[in-house]
Amino acid sequence: MENPKSLSYGIRSQIRPKENRKFLGTRLPQWLYNEGLKGGITGPEDSLATGWDRFLMNNLGQMPILLDSVAVESSIRNMQIYMGNQGYFNSDATYSTQTEERKTEVTYSITANDQHKFGEAEFIIADSSLNSIIRAEFDIQQVVQTGQPFSAAQLGQLRSDIVEMLQDKGYYRFTANSIFVEADTLGKSGYVDVLFNVINEQDSLYSKQFTIKDINVQVRSGFADSLGNPITFNNKNYYPSSIVRLKPETLDRLIQFESGDTYSREAHSATIDKLYDLPIIEFANVEFQLDTIPGYLNAFVTARAGSRRGVTFEPEISQLDDRGIGARGKLAYFNKNWFGGGELLELGGSGGFEVIQDNFFGITYYNLEGTLTLPRLVGAKSLNERFSQNVLNPKTTFGLGFSQQNQADLYSIDEYNFNMGWEFQTSPLNNHTIKFLEISNFRSNPSAEFQETLDANQYLQNSFQDRVIFGGGYNYSYTNAPLKEDNESYLIFEGLFDYSGLFNQLFGDDVAPFVRADVDVRYAKPFGQRTALVSRLNFGIAQPLQSGESIPAVKQFTLGGNSSMRAWQQRSLGPGGYDVEADASVINKNNLDIRSDLKIETNLEFRFPLSKLFGFDLNGAVFTDAGNLWALSDQDQRPESQFQGFQSFDEIAVGAGYGLRLDFNYFEVRTDWGYQLRDPALPNDQSQWVDQPFTNRPNLSFGIGYPF
């Protein structure tokens, strides 16, 4: 039997009803539900149920799943069908039950015959035009290979591929019902011959190619919206709305077919996707109807627009650890159709604070920004036309902003910035951001006592000096993450590259010349809907392009906190074996963010379900984190901070811990307890592995969403 684990999982997925949920190996959820039923009430909706009873039943407990013999019999039939689809024909499935103390255990037994293999495969296509097209695109002997295990899913995929191919070539009415798949085992011991029979009904529309004739386009906001007389633009009929002011040329750019084109399913779907590129569009659809002239279709492109203007407010608790709790919020105004071309204008401000020890506003920060997003790649007309279907969600973004951060009476950082660039997808999995221009004016204001720290370290002083960042960058991300209900592994990759140093002749020494790269790779292996093993590798490096320079502090890396090395406080780890507590030149050690040029971090986390809380999923996690920062400049005078090649890996910090996650569907509230297992800041004359780490006080951190 090939792939027995995969087959076993598929068989288990056919079982109904599912078993009762457990909590740490016990039936606590069902016991809590029954506790809520005490007193004679019939359930949480009973008017006699107290608030406590409802809480136990709805939030902490689970209604016991009762044995259903009809569902069990149905599971047996589904198992047999599933086995047959894998080539195990006429498999026998039975079940038995054992009841003890009002608990029934159902045992399923499956006896599988030998798995059948594919035999010969052939197309039977009566229509001569379809015959030549299908055979030119598909070699059935290559798709259905003799001797390979039989798979009904593989046959279904070939059937779907044929339908999609023909619809892309104009056969609008061709469907899967036009193909009959016959599997013949007669006289073929252990083998299945397959026939793909494409029917040929007289005067049937399924075998005719269609050409697009009239194209009608309308976008409205609702039933109260009235449409005016059509405006002809580029051989299309645009019906103007009394409320939604969208220019015909904007919509025309999104429609991926023209009058006179042969119908294409790909262009049909791409047009719907492109319409959703406009922020104002909430719903889009394209329908085709047969014209009175045989062989022609009329297209009806319709869309519903949402609110043009609005205000959003997003509050968030940002962190909670030994250094304190933080909160932030963002208030923004948006206009989703500023000039009538689907442009998105956003004007907003955000701010927040972090409590550090006895200083309530130990860290404060705020940001004012304006962003204009155009739904096209500005300056790339030929690119827009050439790759109109392949480039998804194209945007050109212009941003202007000001931000300020005040760090616990140590320093403040002011930053003015402007940027412009492109954002687009070359597929639903691949995202690209090209930042053609980034200009940032970075100004720091150290306090008198922090200036003493800077004076003692030329490297830190260079990091905090007033500089201009004049450059650009590129960001690429890939993800094949499935939907939550899918039980498949997935990969997430994100790579970021920044550079600065353009136009030094204009700004002189004020321009900070550097290159910076950051790579983040995540891999997840699910073991069920809410159980998964997730890993991450994160590497970052920032290198000055001139000797004696330092990377501006805003572009350096930090580690520690609720999303990285969780056993360390926010932004407090590294670099190397440096111990800030032993550095007499540093003022306000507890409030200083540790930054440096090189970052290496790896994380491993096992996530699993626990129970229900307030009606939402309560999940658990155990994790381990390893990594550190290092300095690349020989001017960094912090002891043991320099990267020394492979020997620096002896300075890797290691932490581990556990956490709880409350899943509110749209976001997740997360709490982690991290313990330091290996601390590179410990003196070299003693073991850097922490003695009895789990007896020490853990670092408690709080966050929104997954850490990675």
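Residue numbers run from 1 in the order of the sequence given.
The aromatic rings of F118 and F150 sit tilted, their planes meeting at an angle between 30° and 60°.
Taking a cutoff of 4.0 Å between a charged side-chain nitrogen and a carboxylate oxygen, D663 and R661 do not qualify as a salt bridge. Under 4.0 Å is where a charged nitrogen must lie from a carboxylate oxygen, and between R522 and E494 no such pair does.
Remark: D139 CG to F123 CZ distance equals 8.5 Å, nearest 0.5 Å. Once rounded to the nearest 0.5 Å, the distance linking CG of N699 with CE of M565 reads 11.0 Å.
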Practice task
Carefully, step by step, assess V534 and R607 under the rule side chain to side chain contact (heavy atoms under 4.5 Å, CB included).
Solution key: CA-CA 8 Å; V534 186; R607 301 166 183 168; 3.5 Å; yes
Exercise for the section: Would you sort out whether D193 and E122 count as a side chain to side chain contact (heavy atoms under 4.5 Å, CB included), showing the intermediate values? Expected result: CA-CA 8 Å; D193 289 343; E122 185 56 77; over 6 Å; no
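Residues passing the salt bridge (Lys or Arg N to Asp or Glu O under 4.0 Å) test with R220, sequence neighbours excluded: none. Contacts of Y263 classified as ring pair (Phe, Tyr, Trp, His ring centres under 6.0 Å), with partners at least two apart in sequence or in another chain: Y172, H268, F288.
Under the 3.5 Å distance criterion, with hydrogens and angles disregarded, a donor-acceptor pair is assigned to the side chains of N430 and Y476. Defined by atom type and a distance below 3.5 Å, a donor-acceptor pair is present between the side-chain atoms of Y523 and S489. In summary, the side chains of E605 and N603 do not present any donor paired with an acceptor at a separation below 3.5 Å, with no hydrogens or angles considered.
Taking the ring centre of F623 as origin, the terminal cationic atom of R566 falls inside the region bounded by 6.0 Å and 45° from the ring axis.
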